[in-house]
J.: 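Before I ask anything, here is the structure I am working with.
In the text below, chain A, chain B and the rest are named by the order of the sequence lines, each starting its count at 1.
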Amino acid sequence: MMMGTRLHLRYHFSSRAPKVTKLDDALQLFDEMLHRKPLPSIIEFNKLITPMVKMKHYSTALSLFKQITMAGIRANIYTMNISINCYCRLNHLNYGFSILATIFKLGHPPNVATYATLINGLVLADRVFEAVELFKKLRRHKLCEPDQVMYGTVINGLCKVGHTSKALELLSFIESGSCKPGVEQYNAIIDGLCKDGMVDDALRLFTKMIENGVHASVITYSSLINGLCKFGRESEAARMLIEMEEKGIPPDLHTYTILVDAFCKQGSVKDAEFAVQAMVRRGLHPDVVTYSALIDGYCLRGELDEAHKVLDLMVEKDLKPNIITYSSLINGYCKKKKINDAINLFREIRSKGLVPNGVTYNSMLQGLFE
DNA sequence: GTAGGGTTAG
């Protein structure tokens, strides 16, 4: 069973030479812990598995929990909540709810984290209306007292479906209560406002947040920089970038990727390349999203050779291009009327097991019929 | 002592 898990992971992790990863270390430790006598407590296992979940290895985490149970260690409410989260992230919300049933059956009442995880599961499944209903039901039946995280989850869901004003209502409700909003709640709404094109409202909320004594985070700044760039306010974005540095909040991978994308969309791929160099100098590693944005930038300019150079570079770094990366390239080929190249790439994508989606087909069709 | 929410690409 253990071997199976490892092979599975390696398959996902790297398409080339196997390399020792932190995940492998964690699995090795798990193996060792399982054979220790006496067995470590469930708390120790929860601690080991939590970082794996953060690295998005949900199925692995679930399989480890199964092994723990088989070894006779009883799961506690933390374990259950982690499992629910894993199922939700794997789009198995129903399994998440069946764990809720198990919790009840065992006579251990679920807590606010259990419900917040399920509410988030509904949000992730685009079932925001049901998420809000569950939230209301919990309050009506006094099943649990919502906390910051739960409010943040609901606010995030409301913003996701464009109900930013409802989210703002909830925020002012929290502001008037005993559970003060934190930076995460503000971030969700600031981001939602930016995405709705209400960047000035986002900036006003940003000011209000600081007046309320809540410190901005790298995510607050990244959302605002993204919003400002998307609506042609680059100089203000640049000012934000300076401001965050001054406040001791250095831009991270996401922030730089936002900048790379913004430069590419302006057509200045050179500046995007400079941004990549700058992030590397700071010890940040560009990821699939960063390189995909760059590839798209080159494709939009019709510089397909350059785009392919970036593609080669990412493969060299063991980063797997995904359907979004390839769709940009297909779009690039189609724009240059290199239909055969586009078709060949399309075949290659399918042979890699990637599934073309609407955007991919759209590019192909435009190339074929325009 | 251990759990749950937020930012990026076509």
J.: At under 4.0 Å between heavy atoms, what does A:Leu48 touch on the DNA or RNA strands: base, sugar-phosphate, or nothing?
T.: nothing

J.: Among the nucleotides B:dG5, B:dT7, B:dA3, which one has an atom lying closest to any side-chain atom of A:Thr50?
T.: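 For A:Thr50, the side-chain atoms sit closest to B:dA3.
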
J.: Given B:dG5, is OP1 or OP2 found less than 4.0 Å from the side-chain N or O atoms of A:Lys160?
T.: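 For A:Lys160, the contact criterion (side-chain N or O under 4.0 Å from OP1 or OP2 of B:dG5) is not met.
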
J.: Hey, does the side-chain of A:Ser327 have a donor or acceptor N/O within less than 3.5 Å of a partner on the base of B:dG10?
T.: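 Checked by distance alone, the answer is yes.
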
J.: Which of these nucleotides, B:dT7, B:dT2, B:dT8, is closest to any side-chain atom of A:Asn46?
T.: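 Among the listed nucleotides, the one closest to the side chain of A:Asn46 is B:dT2.
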
J.: Within the 4.0 Å heavy-atom criterion, would you say A:Thr220 contacts the bases, only the backbone, or no part of the nucleic acid?
T.: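 Answer is nothing: A:Thr220 stays at 4.0 Å or more from every strand.
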
J.: Let me check something: any side-chain donor-acceptor pairs from residues 82-95 of chain A under 3.5 Å, sequence neighbours excluded? List them with distances.
T.:
| unit_1 | atom_1 | unit_2 | atom_2 | d |
| --- | --- | --- | --- | --- |
| A:Ser83 | OG | A:Thr79 | O | 2.9 |
| A:Asn85 | OD1 | A:Arg89 | NE | 3.2 |

J.: Could you check whether the side chain of A:Asn322 and the base of B:dG10 have a donor-acceptor pair of N or O atoms closer than 3.5 Å, going by distance alone?
T.: no

J.: Only counting residues at least two apart or in another chain, list the ones meeting side chain to side chain donor-acceptor pair (under 3.5 Å) with A:Lys265.
T.: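 For A:Lys265, the residues satisfying side chain to side chain donor-acceptor pair (under 3.5 Å) (neighbours in sequence not counted) are A:Asp261.
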
J.: Report which part of the nucleic acid A:Thr114 touches: base, sugar-phosphate, or nothing (heavy-atom distance under 4.0 Å, all strands).
T.: nothing

J.: Using a cut-off of 4.0 Å on non-hydrogen atoms, how would the nucleic acid contact of A:Lys230 be classed: base, sugar-phosphate, or nothing?
T.: sugar-phosphate

J.: Could you state the atom-to-atom distance from CD of A:Glu184 to P of B:dG4 in whole Å?
T.: 13 Å

J.: Let's test your reading of the model: under 3.5 Å, does the base of B:dG5 pair with the side chain of A:Gln148 as donor and acceptor?
T.: no

J.: Could a donor-acceptor pair under 3.5 angstrom be found where the side chain of A:Thr325 meets the base of B:dG10?
T.: no

J.: Can you see if the side chain of A:Asn85 gets near the phosphate of B:dG5 - specifically, an N or O under 4.0 Å from OP1 or OP2?
T.: yes

J.: Between the side-chain atoms of A:Asn357 and the base atoms of B:dG10, is any donor-acceptor pair under 3.5 Å?
T.: yes

J.: Considering only side-chain heavy atoms of A:Thr153, which listed nucleotide, B:dG5, B:dT2, B:dA9, is closest?
T.: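 In terms of side-chain proximity for A:Thr153, the closest of B:dG5, B:dT2, B:dA9 is B:dG5.
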
J.: Report the nucleotide, chosen from B:dA3, B:dG6, B:dT7, that has the shortest atom-to-atom distance to any side-chain atom of A:Ile82.
T.: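 Nearest to the side chain of A:Ile82 among the choices is B:dA3.
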
J.: Is a donor-acceptor contact shorter than 3.5 angstrom present between the side chain of A:Asn76 and the base of B:dA3?
T.: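 Absent.
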
J.: What is the distance, rounded to the nearest whole Å, between atom NZ of A:Lys335 and atom P of B:dG10?
T.: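 Result: 12 Å.
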
J.: What is the distance, rounded to the nearest whole Å, between atom CD1 of A:Ile84 and atom P of B:dG4?
T.: 12 Å

J.: Looking only at N and O atoms, is any donor in the side chain of A:Glu44 or the base of B:dG1 less than 3.5 Å from an acceptor on the other one?
T.: yes

J.: For A:Asp312, is the CG atom crowded, meaning more than 12 foreign heavy atoms sit under 6.0 Å from it?
T.: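 More than 12 heavy atoms, drawn from other residues, nucleotides or ligands, come within 6.0 Å of this atom.
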
J.: Can you check the A:Leu259 CG to B:dT7 P distance for me, whole Å?
T.: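 Spelled out: CG on A:Leu259 to P on B:dT7 is 17 Å.
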
J.: Measure the distance from CZ on A:Phe30 to P on B:dT2 and round it to the nearest whole Å.
T.: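 Whole-Å distance recorded here is 19 Å.
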
J.: As a test of reading the structure: which of B:dG4, B:dA9, B:dA3 is closest to the side chain of A:Val289, going by heavy atoms?
T.: B:dA9

J.: When the distance from CG of A:Leu311 to P of B:dA9 is rounded to whole Å, what number comes out?
T.: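 Checked: the CG to P distance equals 19 Å.
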
J.: How many whole angstroms separate atom CG of A:Leu319 from atom P of B:dT8?
T.: 19 Å

J.: Regarding A:Glu175 and A:Lys208, does a basic nitrogen lie under 4.0 Å from an acidic carboxylate oxygen?
T.: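 Yes, A:Glu175 and A:Lys208 are salt-bridged.
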
J.: Rounded to the nearest 0.5 Å, how far does CD1 of A:Ile73 lie from CD1 of A:Ile43?
T.: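 A:Ile43 CD1 to A:Ile73 CD1: 12.0 Å, rounded to 0.5 Å.
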
J.: Would you indicate what A:Asn362 reaches in the nucleic acid, counting non-hydrogen atoms under 4.0 angstrom: base, sugar-phosphate, or nothing?
T.: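 Since no nucleic acid heavy atom lies under 4.0 Å of A:Asn362, the category is nothing.
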
J.: Is any side-chain N of the basic residue among A:Lys309 and A:Glu273 closer than 4.0 Å to the acidic one's carboxylate O?
T.: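 Salt bridge: no.
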
J.: Across the strands shown, which category fits A:Val123 at heavy-atom distances under 4.0 angstrom: base, sugar-phosphate, nothing?
T.: nothing

J.: A:Arg89 has an atom CZ; how far is it from atom P of B:dG4, in whole Å?
T.: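 Taking CZ of A:Arg89 and P of B:dG4, I get 9 Å after rounding.
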
J.: Which nucleotide sits closest to the side chain of A:Asp252: B:dG5, B:dT7, B:dG6?
T.: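 That would be B:dT7.
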
J.: Is it the case that over 12 heavy atoms from other parts of the model lie below 6.0 angstrom from the NZ atom of A:Lys56?
T.: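 For A:Lys56, atom NZ is not crowded (no more than 12 foreign heavy atoms under 6.0 Å).
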
J.: Check whether more than 12 heavy atoms from other residues, nucleotides or ligands sit under 6.0 Å from atom OH of A:Tyr361, and answer yes or no.
T.: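 Yes, the 6.0 Å shell around OH holds more than 12 heavy atoms from other groups.
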
J.: With a non-hydrogen cut-off below 4.0 angstrom, is A:Asn120 in contact with a base, only sugar-phosphate, or nothing?
T.: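 Result for A:Asn120 = sugar-phosphate.
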
J.: Strictly below 4.0 Å: does A:Lys195 bring a side-chain N or O up to OP1 or OP2 of B:dG6?
T.: no

J.: Can you figure out which of B:dG4, B:dA9, B:dA3 approaches the side chain of A:Lys265 most closely?
T.: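 The answer is B:dA9.
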
J.: Between B:dG6, B:dA9, B:dT8, which one does the side chain of A:Asp261 approach most closely?
T.: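 Closest of the options to the side chain of A:Asp261: B:dA9.
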
J.: Could you check which of B:dA3, B:dG1, B:dT7 has an atom nearest any side-chain atom of A:Ile43?
T.: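 Given the options B:dA3, B:dG1, B:dT7, the side chain of A:Ile43 is closest to B:dG1.
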
J.: A:Val288 side chain: which of B:dG4, B:dA9, B:dG5 is closest?
T.: B:dA9

